Amino acid sequence: MSAGGAAPGAGAASSSDEPWPVRVVSQKIGAWVARLGWVWVDGQVAQISRRPGASTVFLTLRDPSAELSLTVTTNRDVLDSGAPELREGARIVVHAKPEFYAARGTLSLRADEIRQVGLGELLARLEKLKKLLAAEGLFDRARKRRPPFLPQRIGLITGRASAAERDVLTNARRRWPAVAFRTVNVAVQGPSAVPQIIDALKALDSDPSIDVIILTRGGGSIEDLLPFSDEALCRAVFACRTPVVSAIGHETDAPLVDYVADVRASTPTDAAKRVVPDLAEEVRLINQARHRLHRAVHNLVDRETHRIDALRSRPVLARPQVMVEQRAADLAALRQRADRCLTHRLAAADDDLRHTLARLRALSPAATLDRGYAIVQRADGHVVRAADQVGPGDPLRVRLADGELSATVNT
């Protein structure tokens, strides 16, 4: 509930240490409330009491985001002129003066004008709240968690004996007969819906056996689905540690809790399909995978068998001694080539040596001496090539082919 208006300043605290009687405290509270004046208050109608023949109508006005309500008294004419079709669960704005009833210690509102919030205004408020929650990151995809493939136990929050509950349970058990549920039945519309749903969320989120929570209800008008766009409920869903699946209304309905939840399902039946795998489909996929695996292994074995057969058919494996025989033949051929090469090189070297020896012998001084020539040398060993190189009396040495002689120059 929200109120607009001027509030008086707080009164000065008493300097006396003596306790006040209850009536004094009640009187002072009443006087302080009386100074509040007229204010505009926004809230949701939780209860309407019209007594036949009475001109006074009593309303219980509740804050949709908190466990707080106030009684509103007004004249029947005020209600009929401002909101003649007013029903429980509707949103209204009242112009009222707070009053404190000292005898009972209760606070109430006395209204002189009541306005029912129209659909356009509701949508505008929801859009404003949507932008606020989005700016705070409640719609961020990065924080959304994926439900487990096969949850051991599912928490279900829905109306009692509702079609949505029947759809979820029937479709989930049809897909996976062994699935287990913990169902919490709550009010899914009206002023008590939000606190009951929040309490159910907290209870299921604190249960360690719950792997995923489904929040669901059937279709309805925008006013009927208003609890699922409540700010407190959106924040409670965001605070859950367990993944939450939202399946509110039909596919075209989009309350704010759909944007906060980890998974949005278009219908209760779709929620069951998203949370629980189909046993028949999984068996089919397993059989298909086994068939593909069998075929792949069979093809691999066949391919390797053909490869081994091809290897075994090669000569080197059919007659392993062929490799040794071929290498032995190659070795013998190489040895023969080496022998021929070495013999040829030795013969060529022998011919070269004989030719060189013949040339040396032809050019050797000994060969010249054998032909009858002699070598005349002086005493110092120089060869005498001209007569003027020696004088009378010089000793000479004459070398012959066989031995040598000593001589002296006479003339």
Side-chain angles (χ1 to χ4, degrees), residues 1-8 26-126 129 159-160 186-198 217 220-233:
M1 226 170 354
S2 59
S26 180
Q27 291 171 357
K28 287 184 176 294
I29 292 176
W32 186 86
V33 171
R35 293 197 298 271
L36 286 175
W38 293 85
V39 294
W40 287 99
V41 181
D42 172 25
Q44 186 177 23
V45 178
Q47 184 178 5
I48 304 176
S49 178
R50 295 185 179 94
R51 297 177 182 176
S55 60
T56 302
V57 178
F58 297 91
L59 306 176
T60 300
L61 195 62
R62 176 186 171 277
D63 190 327
S65 302
E67 287 291 334
L68 180 64
S69 61
L70 286 176
T71 300
V72 180
T73 60
T74 187
N75 190 278
R76 183 183 294 270
D77 295 335
V78 173
L79 180 62
D80 292 341
S81 61
E85 302 296 331
L86 187 64
R87 296 180 181 178
E88 294 180 355
R91 293 288 292 269
I92 61 173
V93 177
V94 300
H95 186 248
K97 188 177 188 301
E99 294 181 341
F100 184 74
Y101 186 49
R104 293 184 179 179
T106 59
L107 180 67
S108 63
L109 299 173
R110 179 166 52 86
D112 64 352
E113 184 177 354
I114 297 178
R115 299 177 186 175
Q116 187 167 356
V117 177
L119 180 60
E121 186 174 354
L122 277 176
L123 294 177
R125 292 188 181 186
L126 290 180
L129 178 59
R160 184 180 302 276
V186 296
V188 292
Q189 68 183 63
S192 61
V194 173
Q196 290 186 23
I197 295 173
I198 292 177
R217 68 149 286 165
S221 64
I222 295 179
E223 291 82 356
D224 293 338
L225 300 181
L226 273 180
F228 297 95
S229 293
D230 186 83
E231 181 178 358
L233 178 58

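Numbers here simply count residues along the sequence, with the first being 1. All values reported here derive from a predicted model rather than from experimental measurement.
When the shell of 6.0 Å around CZ of Arg160 is examined, it contains 12 or fewer heavy atoms from other residues, nucleotides or ligands.
For the residue pair Leu109 and Ala96, the shortest heavy atom distance occurs at CB-CB, 3.8 Å. Closest non-hydrogen pair, Val57 versus Arg76, comes out as CG2-CA, 3.8 Å. Residue Val78 comes nearest to Ile114 through the heavy atom pair CG1-N, 4.1 Å, listed as atom of the first residue, atom of the second, then distance. When all heavy atoms are compared, the tightest approach of Phe228 to Val188 is CE1-O, 3.3 Å. Residue Gln196 comes nearest to Ala187 through the heavy atom pair OE1-N, 2.8 Å, listed as atom of the first residue, atom of the second, then distance. Counting all heavy atoms, side chain and backbone alike, Ile92 lies closest to Asp42 at O-OD1, 3.2 Å.
At least one side-chain heavy atom of Pro195 sits less than 4.5 Å from a side-chain heavy atom of Arg62. At a threshold of 4.5 Å between non-hydrogen side-chain atoms, the residues Gln47 and Phe58 do not count as touching. In this structure, the side chains of Leu129 and Ser229 stay at 4.5 Å or more apart for every pair of heavy atoms. Using a 4.5 Å heavy-atom threshold, the side chains of Leu107 and Val33 count as touching. Two residues are said to be in side-chain contact when any heavy atoms from C-beta on lie closer than 4.5 Å; Gln44 and Asp230 fail this criterion.
Looking at Thr74, its side chain does come within 3.5 Å of a backbone N or O of Ala111 through a donor-acceptor pair. Judged by distance alone, the side chain of Lys97 and the main-chain N or O of Leu36 form no donor-acceptor pair under 3.5 Å.
Screening residues 48-57 for salt bridge (charged side-chain N to carboxylate O under 4.0 Å, His left out), with sequence neighbours left out, gives no hits.
Summarising the geometry, atom CZ belonging to Arg110 is positioned 14.5 Å from atom OG1 belonging to Thr71; distances are rounded to the nearest 0.5 Å. Here CG of Leu70 is found 10.0 Å from OG1 of Thr106. Values are rounded to the nearest 0.5 Å.
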Inset, instruction - Please step through side chain to side chain contact (heavy atoms under 4.5 Å, CB included) for the pair Leu86 and Leu79, ending with a clear verdict. - result: CA-CA 8 Å; Leu86 187 64; Leu79 180 62; 3.6 Å; yes

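Between Trp38 and His95, the angle of the ring planes stays under 30°, which puts this pair in the parallel group of the 30/60° scheme.
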